Peer 1: 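The structure that follows is given in the form of structure tokens.
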Amino acid sequence: MPELPEVETIRRGISPWLLNRTVTQVIVRQDRLRWPVPPDLESCLIGRPFTAVMRRAKYLLLKNAAGWLLIHLGMSGTLRILESTAGVTLHDHVDLLLDNRRCLRLNDPRRFGAVLWVDGSPEEHPLLAHLGPEPFSEAFDGALLYARSRGRALAVKNFIMDQRIVVGVGNIYASEALFRAGIHPARPAGRISRARYDALAVAVREVLSAAIEAGGTSLRDFTNEHGRPGYFSQQLLVYGKKGQACVQCGAVIRCEVIGQRSSYFCPHCQR
DNA sequence: CTTTACGCCTGACGGC
DNA sequence: TGCCGTCAGGCGTAAA
């Protein structure tokens, strides 16, 4: 599933195809996603061109004159731009047919994703209201991580994956950022120094921006808007590398479950 | 308030 | 070959 770099890659890819285009038809083949797809979605979309294609955290936000179409890709969702609505395959749940004859298609085998309609300010929507800062915003830095972590005992990996602390960091990039910062993923968040959180904030930004540059990480089913994979998997240093040699010290990379999620780290470089 | 566990779903993979 | 258990990029919710 897409973390922030994958969602941002999708956003950049679909944006030119959607901006100033109007939806002519909505096809919902399966409305049982994480929440039901609104039955009146077509009436919200038809006749009003998209005026912005934005991202907040891992949510895509498509704006028109009436409100916002909110899309989340869950664990296995993909969005593609197609020539037409032909060639329907398994798990092609939602199509938006556009007035340039293109089709924006959501495919999501596990159906943890969501397609919702938001009228009013999306920042006030319950799903978005309590999100932390964007990792590339000025509000996100070591001072924020340090302040928010005081007195908290949970593992730092779970702390930085909490979307109320900072958005966009999922299981892959949490492991990668902690390796780059030299911090053990199971270390209690409240027992990490300000200086180390400064390094972690930098590492989070670096790993996310490098992944965006590469067009996302290709693992299992992530592909961009044309169905092509991203290339950041070639730059992963610890994720999925259990049993392999650490690129920095040669120690054996380990994998342990922390907070119900597989966590990869170098036991020598990360403390 | 914090922290943990679980459930939602399907598909791929490894072991037997 | 088939069956079964495990695991997978997220996140809301319930419970302690």
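Only heavy atoms go into these numbers, but all of them, side chains included; no hydrogens, no water, no symmetry mates. None of the values given here were measured: they were computed from a predicted structure. Convention: sequence-line order gives letters A, B, ...; per-chain numbering from 1.
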Peer 1: Can a side-chain donor-acceptor contact be found between A:Tyr239 and A:Ser233 if the only test is distance below 3.5 angstrom?
Peer 2: no
Peer 1: Under 4.0 Å between a side-chain nitrogen and a carboxylate oxygen: does that hold for A:Arg101 and A:Glu83?
Peer 2: no
Peer 1: Show your reasoning for whether salt bridge (Lys or Arg N to Asp or Glu O under 4.0 Å) applies to A:Glu134 and A:Arg55.
Peer 2: CA-CA 10 Å; A:Glu134 289 287 326; A:Arg55 178 190 57 73; 2.9 Å; yes
Peer 1: Which whole-number value in Å describes the distance from A:Ile71 CD1 to C:dC11 C1'?
Peer 2: 18 Å
Peer 1: Ignoring hydrogens and geometry beyond distance, is a side-chain donor-acceptor pair present between A:Ser76 and A:Asp108 at under 3.5 Å?
Peer 2: yes
Peer 1: Round to the nearest Å and state the distance from A:Lys242 atom NZ to C:dT6 atom C1'.
Peer 2: 12 Å
Peer 1: Which whole-number value in Å describes the distance from A:Ile160 CD1 to C:dG10 C1'?
Peer 2: 15 Å
Peer 1: Rounded off to whole Å, could you give me the CZ-to-C1' distance for the A:Arg110 and B:dG7 pair?
Peer 2: 11 Å
Peer 1: From the options B:dT4, C:dG12, C:dC7, select the nucleotide whose nearest atom is closest to the side chain of A:Ser262.
Peer 2: C:dC7
Peer 1: Looking at C:dC11, does its base get a donor-acceptor pair with the side chain of A:Arg34 below 3.5 Å?
Peer 2: yes
Peer 1: Looking at A:His72, I'd like to know whether one of its side-chain N or O atoms comes within less than 4.0 Å of OP1 or OP2 on C:dC11.
Peer 2: yes
Peer 1: Any base atoms under 4.0 Å from A:Gln163, or only sugar-phosphate, or nothing? Heavy atoms, all strands.
Peer 2: sugar-phosphate
Peer 1: Taking the six-membered ring of A:Tyr146 as reference, does the NZ or CZ atom of A:Arg150 fall below 6.0 Å from its centre and within a 45° cone about the axis?
Peer 2: yes
Peer 1: Nearest whole Å is fine: how far is C:dG10 C1' from A:Leu33 CG?
Peer 2: 14 Å
Peer 1: Can you identify which nucleotide, out of C:dA8, C:dG12, B:dA5, has its nearest atom closest to the A:Tyr59 side chain?
Peer 2: C:dG12
Peer 1: What is the distance from NE2 of A:His130 to P of C:dT13, rounded to the nearest Å?
Peer 2: 11 Å
Peer 1: Judged by modelled atom types alone, do A:Ser263 and A:Lys157 share a side-chain donor-acceptor pair under 3.5 Å?
Peer 2: yes
Peer 1: Has A:His91 got a side-chain N or O lying under 4.0 Å from the OP1 or OP2 atom of B:dG11?
Peer 2: yes
Peer 1: OP1 or OP2 of B:dT3 versus the side-chain N and O atoms of A:Arg152: is any pair under 4.0 Å?
Peer 2: yes
Peer 1: Counting only Watson-Crick pairs (N1-N3 plus N6-O4 or O6-N4) and G-U wobbles (N1-O2, O6-N3), all under 3.5 Å, who is the partner of B:dC13?
Peer 2: C:dG5
Peer 1: Is the phosphate of C:dC7 approached by A:Arg261 (side-chain N or O, under 4.0 Å from OP1 or OP2)?
Peer 2: no
Peer 1: In whole Å, I'd like the distance from the CG atom of A:Asp108 to the P atom of C:dC11.
Peer 2: 13 Å
Peer 1: When the distance from CG of A:Leu90 to P of B:dT10 is rounded to whole Å, what number comes out?
Peer 2: 10 Å
Peer 1: Does the side chain of A:Ser76 get closer than 4.0 angstrom to OP1 or OP2 of B:dC9 through an N or O atom?
Peer 2: no
Peer 1: Checking contacts here: which listed nucleotide (B:dT3, C:dG10, B:dG11) is nearest the side-chain heavy atoms of A:Pro109?
Peer 2: B:dG11
Peer 1: Is the base of B:dC9 touched by the side chain of A:Arg111 through a donor-acceptor pair closer than 3.5 angstrom?
Peer 2: no
Peer 1: On DNA chain C, check which nucleotide each of A:Trp35 and A:Asn171 is closest to and give me the residue with the more 5' one.
Peer 2: A:Asn171
Peer 1: So, do A:Phe112 and B:dC9 meet the stacking rule of ring centres under 5.5 Å and planes under 30°?
Peer 2: no
Peer 1: On a whole-Å scale, what distance lies between the P atoms belonging to B:dC9 and C:dA14?
Peer 2: 16 Å
